[in-house]
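Below: one structure, written as structure tokens.
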Amino acid sequence: MKKAARKTKAKKTRITLPGSKNISEQIAQMIRVDHAGEFGAQRIYEGQLAVLGKKTSSMTTQIKHMASQEEEHLAAFEKLIVERQVRPTALYPLWHVAGFALGVATAMLGEKAAMACTVAVEEVIDEHYQQQLDALDEEEPQLRKMITKFRHEEIEHKNIGLDHGAEDVVYFPLLRAAIRAGSKAAIWLAKRV
Ligand SMILES: [Fe+2]
Ligand SMILES: [Fe+2]
């Protein structure tokens with residue numbers, strides 16, 4: 001009984017987002033971060049397809065599939081940015097360049113390295129979206145529904161990467177650690193700028 005009560009209490013605890021004063025500011029910050037993240041994701045795949053796009057393989061087919069889902073994610077957050085008059089990230093030019101560069105660099109290392117990039121990024125995004133869902137609790141059912149759907153698609157992307165040899169890349173642990181750190185830094189920055 002006591003355990004159940006503790007569980008309920010824990011569920012109600014909100015994650016306090018940095019620099020936010022109230023729930024509507026927290027939600028605006030979430031939309032800004034997610035919009036920036038989905039933009040970055042789209043740019044990663046654009047970079048990968050700039051290198052690998054002319055090849056016909058099951059990997060490029062999968063990259064195109066993931067890229068089209070990222071476009072949908074980005075469009076949904078773009079719509080929210082406009083509807084709710086949320087200030088977009090001021091670091092748009094950085095994500096434009098950094099996302100594309102990461103996509104090009106990993107694709108140049110090979111298709112499996114491109115997949116390893118997806119695995120590393122999506123691991124972070126999966127955790128990030130789950131934290132947002134926990135923080136939203138029962139607020140914003142529509143936004144929750146959207147984030148839940150996108151999170152499942154990001155997990156699908158991660159599994160596509162794993163199924164396509166991401167872990168076969170010799171330096172996978174190193175690449176994964178570097179990209180994870182970069183993605184976490186990007187989220188940290190997008191929350192603030
Ligand atoms: Fe996405
Ligand atoms: Fe994704």
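One-based numbering, in listed order, for ligands and for the atoms of each. By convention here, the first residue in the shown sequence is residue 1.
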| message | Any donor-acceptor pair under 3.5 Å linking the side-chain atoms of Thr118 with those of Tyr45? | response | yes
Hydrogens and angles aside, do Gln132 and Asp34 bring a side-chain donor and acceptor to less than 3.5 Å of each other?
yes
Could you tell me whether Lys158 and Glu154 make a salt bridge, using a distance below 4.0 angstrom between a side-chain N and a carboxylate O?
->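 Looking at Lys158 and Glu154, the cut-off is not met.
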Tell me the closest heavy-atom pair linking Gly103 and Gln48, and the distance in Å.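 In this case the closest contact between Gly103 and Gln48 is O-CG, 3.2 Å.
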| query | For Phe77 and Glu38, which heavy atoms make the closest approach, and how far apart are they? | reply |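 Scanning both residues, the minimum pair turns out to be CD1-CG, 3.8 Å.
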- Task: Return the name of the atom in Glu38, of element N, O or S, nearest to the Fe ion (ligand 1).
- Result: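 Within Glu38, restricted to N, O or S, the Fe ion (ligand 1) is closest to atom OE1.
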Checked the Fe ion (ligand 2): protein N, O or S atoms closer than 2.8 Å come out as Glu70 OE2, Glu122 OE2, Glu154 OE1, His157 ND1
- Any chance you could pull the hydrophobic cluster mates of Tyr92, using side-chain heavy atoms under 4.5 angstrom and chaining through other members?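 Same cluster as Tyr92: Phe39, Leu74, Leu91, Leu94, Trp95, Trp188, Leu189, Val193.
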